[in-house]
Participant: 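One structure follows; several queries about it will come next.
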Amino acid sequence: MTVEDAAGQRIVLITGASRGIGAETARVLAARGDHVVVNYREKAKRAQALADSIRHAGGSASIAGADISDADSVRALVAGIVEEFGRLDVLVLNASGGLELHAGPDYAMALNRDAQERLVRLAVPHMPFGSRIVFVTSHQAHFHGHKPVPAEYEPIAASKRAGEDVLRAMIPELIARGVALHVVSGDMIDGTIIVQLLERRNPDAVTARRDHGTLPTVTEFATAVSLATTSPADPGHTTYIGGQDYLDGREINV
Ligand SMILES: NC(=O)c1ccc[n+]([C@@H]2O[C@H](COP(=O)([O-])OP(=O)(O)OC[C@H]3O[C@@H](n4cnc5c(N)ncnc54)[C@H](OP(=O)(O)O)[C@@H]3O)[C@@H](O)[C@H]2O)c1
């Protein structure tokens, strides 16, 4: 079951949607008729250009700046959505980071674990029965502790896995409120800034992934994230995109 208003439109918040996978997910969901709230941290012009292009294509979008690692900022984000729309039907937890210049040693955990839980706790009281939360992650994070991770990605992988664990622990209380959590995990996604940077800094890490097969594209991954917002699968279900070698003989069932 999913929720929609009388016009059949869901209110969707996508964190970190000013570029990359979040931006493409916004385009895909707007094309199916959702109103997408494009959250960004600092790239307001880029977020506005995306919202304009969605509207130009006949869709519905607005932008909302907020650093989701900042408690006041994220409280204002949720309050603004409630004030404007009265509810939130879909929350896509896409924003991620930790390797930014000037980021302190605790920032990855603060963003990828603590901020995810805080946002969910703030949003859920405004999510009607039948709403959906989608946590976006990478295979390197999802399988953290079970598969090797390049050294420079270790803090991200560990913190995103910790974030996923915290959210999974919330599944019973989310179910009680009629909100389903789904996880979408991807291999390295071709064409993203992160993979372009990695190709410069540690080309062997990218080549090693390409040796296992063609990397998924941003559109393929964003489409999977979008489908997870309507999937009939049970809460806690994980959709895997690319990286079949991660799945062969996996020891954890999450
Ligand atoms: N790239 C990959 O190969 C890959 C593979 C598998 C999974 N994923 C997952 O897909 C998701 C998106 O990845 P991506 O490569 O598209 O990311 P990206 O290009 O680095 O974009 C990150 C987005 O998050 C926003 N952001 C960063 N910190 C934020 C904060 N504190 N508060 C609010 N927004 C913040 C950025 O906004 P500003 O630009 O305004 O700062 C930007 O829109 C992540 O969860 C990632 O783990 C990525």
Side-chain angles (χ1 to χ4, degrees), residues 13-27 36-51 63-74 76-78 91-104 106-116 118-119 134-144 149-150 153 155-164 167 183-199 202 205-206 209-210 215-226 228 238-243 246:
L13 169 62
I14 306 174
T15 63
S18 59
R19 74 176 196 193
I21 291 154
E24 186 63 10
T25 303
R27 284 190 201 95
V36 288
V37 179
V38 175
N39 162 247
Y40 63 94
R41 180 188 47 172
E42 50 184 26
K43 300 289 189 283
K45 277 190 187 164
R46 202 154 53 187
Q48 189 60 59
L50 171 65
I63 66 169
D67 178 344
I68 64 155
S69 71
D70 180 84
D72 289 341
S73 185
V74 82
L77 171 68
V78 173
L91 171 59
V92 179
L93 297 167
N94 169 78
S96 176
L99 295 179
E100 294 84 345
L101 290 174
H102 314 302
D106 300 333
Y107 181 65
M109 219 34 112
L111 175 60
N112 299 326
R113 182 192 60 191
D114 304 341
Q116 310 299 320
R118 184 192 298 120
L119 175 51
V134 179
F135 181 67
V136 181
T137 192
S138 62
H139 288 357
Q140 291 185 332
H142 182 75
F143 292 101
H144 181 257
V149 172
Y153 192 74
I156 313 282
S159 57
K160 282 184 74 79
R161 181 66 234 189
E164 183 179 338
L167 296 177
V183 174
V184 182
S185 181
D187 198 353
M188 283 182 191
I189 306 298
D190 227 350
T192 57
I193 305 278
I194 288 169
V195 172
Q196 286 168 12
L197 288 176
L198 196 58
E199 259 178 328
N202 185 356
V206 182
R209 294 307 314 145
R210 291 195 196 284
L215 298 182
T217 65
V218 172
T219 302
E220 285 166 345
F221 195 48
T223 300
V225 173
S226 304
T238 305
T239 302
Y240 297 100
I241 301 298
Y246 277 92

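Whatever order the structure lists them in is the order used to number ligands and atoms, beginning at 1.
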Participant: Examine distances only and state if a side-chain atom of E100 and a backbone atom of G98 form a donor-acceptor pair shorter than 3.5 Å.
Facilitator: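 It does hold such a pair.
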Participant: Name all pairs fulfilling the side chain to side chain donor-acceptor pair (under 3.5 Å) condition that reach into residues 13-27, sequence neighbours left out, sorted by first residue then second.
Facilitator: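 Matches after skipping sequence neighbours: E24-R27, E24-T219.
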Participant: Please answer whether the main-chain N or O of G16 pairs with a side-chain N or O of N39 as donor and acceptor at a distance below 3.5 Å.
Facilitator: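 Indeed, once roles are kept as given, a pair shorter than 3.5 Å links the two residues.
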Participant: Quick one: does any side-chain atom of S73 pair with a main-chain N or O of D70 as donor and acceptor, under 3.5 Å?
Facilitator: no
Participant: If you look at each N/O of ligand 1, which protein N/O atoms lie under 3.5 Å away, and at what distance?
Facilitator:
unit_1	atom_1	unit_2	atom_2	d
ligand 1	1 (N)	T192	OG1	3.0
ligand 1	3 (O)	I189	N	2.8
ligand 1	16 (O)	I21	N	2.9
ligand 1	19 (O)	R19	NE	2.7
ligand 1	19 (O)	R19	NH2	3.4
ligand 1	20 (O)	R19	NH2	3.0
ligand 1	21 (O)	R19	NE	3.4
ligand 1	31 (N)	D67	OD1	2.8
ligand 1	31 (N)	Y107	OH	3.2
ligand 1	32 (N)	I68	N	2.9
ligand 1	37 (O)	S18	OG	3.3
ligand 1	39 (O)	S18	OG	3.1
ligand 1	39 (O)	R46	NH2	3.2
ligand 1	40 (O)	S18	OG	3.4
ligand 1	40 (O)	R41	N	3.1
ligand 1	40 (O)	E42	N	2.9
ligand 1	40 (O)	K43	N	2.9
ligand 1	41 (O)	R41	NE	3.0
ligand 1	41 (O)	R41	NH2	2.8
ligand 1	43 (O)	G16	O	3.2
ligand 1	43 (O)	S18	N	3.3
ligand 1	43 (O)	S18	OG	2.7
ligand 1	45 (O)	N94	O	2.7
ligand 1	45 (O)	V136	O	3.4
ligand 1	45 (O)	K160	NZ	2.9
ligand 1	47 (O)	K160	NZ	3.1

Participant: Kindly say whether the aromatic ring centers of H142 and Y240 come within a distance under 6.0 Å.
Facilitator: yes
Participant: Without swapping roles, check the side chain of K160 against the backbone of M109 for a donor-acceptor pair under 3.5 Å.
Facilitator: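 Between the backbone of M109 and the side chain of K160 there is no qualifying donor-acceptor contact (under 3.5 Å).
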